[in-house]
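Notes for the one structure printed next.
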Amino acid sequence: QVQLVESGGGLVQAGDSLRLSCAASGRTFNSYVMGWFRQAPGKERKFVAIINRSGANTYYTDSVKGRFTISRVNAKNTVYLQMNNLKPEDTAVYYCASSTTVAGLADFRPADFRSWGQGTQVTVSS
């Protein structure tokens with residue numbers, strides 16, 4: 001039903017910035033809580049950031065606080081992840097995901113996210 005397509009990844013040096021985009025299909029984008037996750041080689045997929053339906057509230061994993069910003073433009077069916085001061089440990093495939101069931105942002109469950117994009121590679125060299 002919901003199709004998500006990430007873009008904006010690439011190869012950068014430590015300290016550089018990237019902005020990832022996730023475009024969603026459909027006409028009910030503002031009914032979805034949106035999240036960003038990442039997966040490094042050989043590791044499990046981890047939560048990065050989440051944003052509520054209106055875009056007024058956000059929540060981040062500690063390792064990216066102060067460096068990453070999640071935002072959305074509902075009129076464009078798009079969620080963004082601005083990544084500043086990138087570090088080699090940020091290297092991963094980044095995925096966006098949508099949920100219709102999340103209530104409080106800090107209380108989400110992995111099962112709440114049922115639609116996922118294909119991912120975009122972010123590589124940060126030292």
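Each of V5 and V93 belongs to its own hydrophobic cluster when Ile, Leu, Val, Met, Phe, Trp and Tyr are linked at side-chain heavy-atom distances under 4.5 angstrom.
What you find for N57 and L105 is that their closest heavy atoms are O-CD1, 3.3 Å. When all heavy atoms of V102 and G104 are compared, the pair lying nearest together is CG1-O, 3.8 Å. Residues A92 and A40 approach most closely at CB-N, 3.8 Å, considering heavy atoms. Of all heavy-atom pairs between T101 and R53, the closest is N-NH2, 4.2 Å. Closest heavy-atom contact between G117 and Y95: O-CD2, 3.5 Å.
With sequence neighbours excluded, the residues satisfying side-chain contact (heavy atoms from CB on, under 4.5 Å) with S31 are T28. Remark: D90 pairs with R38, R67 by the salt bridge (Lys or Arg N to Asp or Glu O under 4.0 Å) rule, at least two apart or across chains. Remark: F113 engages F37, F108 in a ring-ring contact (aromatic ring centres under 6.0 Å, His included) (not counting sequence neighbours). In this structure, K76 has no salt bridge (Lys or Arg N to Asp or Glu O under 4.0 Å) partners at least two apart in sequence or on a different chain.
Here Q3 contributes atom CD and S115 contributes atom OG; the two are 9.5 Å apart, rounded to the nearest 0.5 Å. A distance of 5.0 Å separates CD in E6 from SG in C22, rounded to the nearest 0.5 Å.
In terms of modelled atom types and a separation under 3.5 Å, the side chain of R109 and the main chain of D107 share a donor-acceptor contact.
Counting only N and O atoms by type, the side chains of T123 and Q121 include a donor and acceptor under 3.5 Å apart.
Pairs passing the side chain to side chain donor-acceptor pair (under 3.5 Å) check and including a residue from residues 7-26, sequence neighbours excluded, read S17-N84.
More than 12 heavy atoms of other residues, nucleotides or ligands shown are found within 6.0 angstrom of CD on Q82.
L18 belongs to a hydrophobic cluster whose other members, connected by ILVMFWY side-chain contacts under 4.5 Å either directly or through intermediates, are V2, L4, V12, L20, F29, Y32, M34, W36, V48, I51, Y60, V64, F68, I70, V79, L81, M83, L86, Y94, V122, V124.
Judged by the 6.0 Å distance and 45° axis criteria, R72 is not positioned over the aromatic ring of Y80.
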